[in-house]
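Note: hydrogens, waters and symmetry copies are ignored here, and every other heavy atom, side chains too, is used.
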Amino acid sequence: SEHCVSNTSISALELGFRVCVAGDAHGTVSTDDDAAVIVSRQNALLADRGARVLTNASLLSLIASN
């Protein structure tokens with residue numbers, strides 16, 4: 001969450017791509033913070049940077065409708 005997903009998403013946003021993230025389909029390991037707290041924080045960061053953070057089910061419905 002805080003490395004691969006975030007860095008890839010932010011790089012894509014900076015390149016002008018529209019980014020959708022399945023906010024409930026990535027994870028991490030607990031460190032000083034609980035893993036769920038880290039995932040939530042990364043989802044908020046990505047949303048603040050311009051990514052659409054959706055549930056996995058919502059993202060799959062969006063893909064299926066196109």
Identify the two heavy atoms, one from [X] and one from [Y], that lie closest to each other, and give their separation to 0.1 Å.
| X | Y | answer |
| --- | --- | --- |
| G23 | N43 | O-ND2, 3.0 Å |
| V39 | G27 | CG2-CA, 3.9 Å |
| A35 | S30 | N-OG, 2.9 Å |

Using the test side chain to side chain contact (heavy atoms under 4.5 Å, CB included), find all partners of [X] that sit at least two apart in sequence or belong to another chain.
| X | value |
| --- | --- |
| L13 | V19, R49, A51 |
| A36 | D34 |
| A44 | none |
| S58 | L54, T55 |

Spacing of [atom1] belonging to [X] relative to [atom2] belonging to [Y], to within rounding of 0.5 Å:
| X | Y | atom1 | atom2 | answer |
| --- | --- | --- | --- | --- |
| S40 | L45 | OG | CG | 11.0 Å |
| H3 | T8 | NE2 | OG1 | 12.0 Å |
| I38 | E2 | CD1 | CD | 5.0 Å |

Output all residues satisfying salt bridge (charged side-chain N to carboxylate O under 4.0 Å, His left out) with D33, sequence neighbours left out; order by chain, then residue number.
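Expected list: R41.
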
Got L62 and R52 here, is their nearest side-chain heavy-atom distance under 4.5 Å?
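Sidechains of R52 and L62: in contact.
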
Out of curiosity, does V21 fall in the hydrophobic cluster containing I10 (side-chain heavy atoms, cut-off under 4.5 Å, transitive links)?
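Same hydrophobic cluster.
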
Residues which pass side-chain hydrogen bond (donor to acceptor under 3.5 Å, both in side chains) with S6, listed by chain and number, not counting sequence neighbours
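Once residues adjacent in sequence are excluded, the partners of S6 under the side-chain hydrogen bond (donor to acceptor under 3.5 Å, both in side chains) criterion are Q42.
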
